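Heads up, the thing below is written out as structure tokens.
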Amino acid sequence: MDTLDQPTVLLSGDVRMPLLGYGTWQATGEAGHAAVLAALDAGYRHVDTATMYGNEAEVGRAVRDSGLRREDVFVTTKLPPDRVGRERETIEASLRALGLDHVDLWLIHWPPSAASDSIPVWRELLAARDEGLTRAVGVSNYGTAQLDELIQATGEVPAVNQIRWGPALYDRRRHAEHRDRGVVLEGYSPFKTTDLSDPVLTRIAAAHDVSPAQVVLRWHVDHGIVVIPKSVTPERIRTNADIWGFSLTAEEMRDIDALGG
Ligand SMILES: NC(=O)c1ccc[n+]([C@@H]2O[C@H](COP(=O)([O-])OP(=O)(O)OC[C@H]3O[C@@H](n4cnc5c(N)ncnc54)[C@H](OP(=O)(O)O)[C@@H]3O)[C@@H](O)[C@H]2O)c1
């Protein structure tokens, strides 16, 4: 635990990122605002949005309405793939909508469709970081070869790669490839990729008197993988954040890893 009062992972540039975040895709409008506010009230200190989600204004308003200090909430947003050449105006629009003077993490949402755009876009993210518009920069939906291309061209390692992840997608080698490069793996869609009635998950959940969803989230965190569950249901928002009262044994971790085949 640290000043954020949450287990965190250290990104380059001495930026601490909470391992548990709140995903906001499809949490829009007043319902989105209420859900983010409920999430911050439930203890999340990290919110994941994107230009493409169309909810940055509601996310920013909820952060302000929460009464939390800006430095106690980690905010991520993402550059859509169709903004090549317009990166700077896109982050400025994100900051305006969020009502913030910087975000904590800015990601390239998907690799640009033209491979020749990859390095120039990455350089624009680095420039935004150097100007203080974001504390850290990274990517999303990148393969290992695409990470290496950025690192080799600029000597700058993406702080994070946000990719689809969950027990059924567990890939020890891919995880190690991130670790070896100093890229923090952030998983998205932890539930959509998981059969929550899987007997391995229900057995482990019963042993700890928690839900299979909580086991899935704890499994990410115990691997040092950032996870960003989404829910607009108040009870689920609360229980998804209540994962600090138990931890998984080495054998349970191995059993869940094995769901990745
Ligand atoms: N970088 C990318 O390309 C990318 C792509 C997809 C997602 N993401 C990010 O990752 C976040 C999470 O991914 P996601 O929204 O795709 O999927 P998810 O978090 O895996 O699943 C969300 C779904 O699970 C339900 N749910 C939530 N808690 C549950 C629980 N305890 N038990 C059973 N069901 C539960 C939610 O229902 P209710 O809401 O009705 O409760 C919703 O239908 C997104 O919100 C977004 O921030 C990023």
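For ligands, and for the atoms within them, numbers begin at 1 and follow the listed sequence. Nothing here was measured: the structure is a model prediction, and the numbers come from that model.
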Point to revise | Polar proximity ligand 1 side, Thr239 side, N/O cut 3.5 Å exclusive | key: no

Check your understanding: Any nitrogen or oxygen of Gln162, main chain or side chain, under 3.5 Å from a nitrogen or oxygen of ligand 1?
Key -> yes

Just which atoms of ligand 1 are under 4.0 Å from any heavy atom in [X]?
X	answer
Pro229	19 (O)
Asp48	9 (C), 46 (C), 47 (O)
Pro190	18 (P), 19 (O), 20 (O)
Tyr53	4 (C), 8 (N), 9 (C), 46 (C), 47 (O), 48 (C)
Trp110	3 (O)
Ile228	9 (C), 10 (O), 11 (C), 12 (C)
Thr233	38 (P), 40 (O), 41 (O)
His109	1 (N), 2 (C), 3 (O)

With a heavy-atom distance limit of 4.0 Å, tell me whether [X] approaches ligand 1 through its side chain, its backbone, both, or neither.
X	answer
Leu196	side chain
Arg236	side chain
Asn141	side chain

Which residue and atom name correspond to the protein heavy atom nearest [atom], and how close is it?
atom	result
atom 13 (O) of ligand 1	Ser189 N, 3.1 Å
atom 44 (C) of ligand 1	Trp25 CB, 3.6 Å
atom 20 (O) of ligand 1	Phe191 N, 2.7 Å
atom 2 (C) of ligand 1	Tyr188 CE2, 3.3 Å
atom 28 (N) of ligand 1	Asn240 ND2, 3.0 Å
atom 43 (O) of ligand 1	Lys230 NZ, 4.6 Å

Review point. Quick one: which of Asp255, Asp257, Thr194 gives a side chain to side chain donor-acceptor pair (under 3.5 Å) with Trp219?
Key: Asp257

Review point. So among Arg218, Arg203, His208, which one has a side chain to side chain donor-acceptor pair (under 3.5 Å) with Glu252?
Key: His208

[X]-[Y] co-clustered via ILVMFWY side chain contacts under 4.5 Å:
X	Y	answer
Phe191	Leu169	no
Val103	Trp25	no
Met52	Leu105	no

Check your understanding: Between the side chains of Thr76 and Trp106, does any donor sit under 3.5 Å from an acceptor?
Key ->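 There is no such pair (donor and acceptor under 3.5 Å, judged by atom type) between the side chains of Thr76 and Trp106.
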
Review point. Any side-chain donor-acceptor pair under 3.5 Å between Asn55 and Thr24?
Key: yes

Practice item. For Ile163, enumerate each residue passing the side chain to side chain contact (heavy atoms under 4.5 Å, CB included) test, keeping only those at least two apart in sequence or located in another chain. Key: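 For Ile163, the residues satisfying side chain to side chain contact (heavy atoms under 4.5 Å, CB included) (neighbours in sequence not counted) are Asn161, Trp165, Arg174, His178, Leu185.
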
Practice item. Would you sort out whether Tyr53 and His109 count as a ring-ring contact (aromatic ring centres under 6.0 Å, His included), showing the intermediate values? Key: CA-CA 11 Å; Tyr53 299 170; His109 206 146; 5.8 Å; yes

Check your understanding: Does atom 16 (O) of ligand 1 have a protein heavy-atom neighbour under 4.0 Å away?
Key ->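 So far as the 4.0 Å threshold goes, atom 16 (O) of ligand 1 is in reach of a protein heavy atom.
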
Point to revise | Value rounded to 0.5 Å, distance of CZ in Arg135 from CZ in Phe74 | key: 7.0 Å

Review point. Can you name the residues that form a ring-ring contact (aromatic ring centres under 6.0 Å, His included) with His33, not counting sequence neighbours?
Key: none

Exercise for review: Would you mind reporting whether Ile228 and Gln162 have side-chain heavy atoms less than 4.5 Å apart?
Suggested key: yes

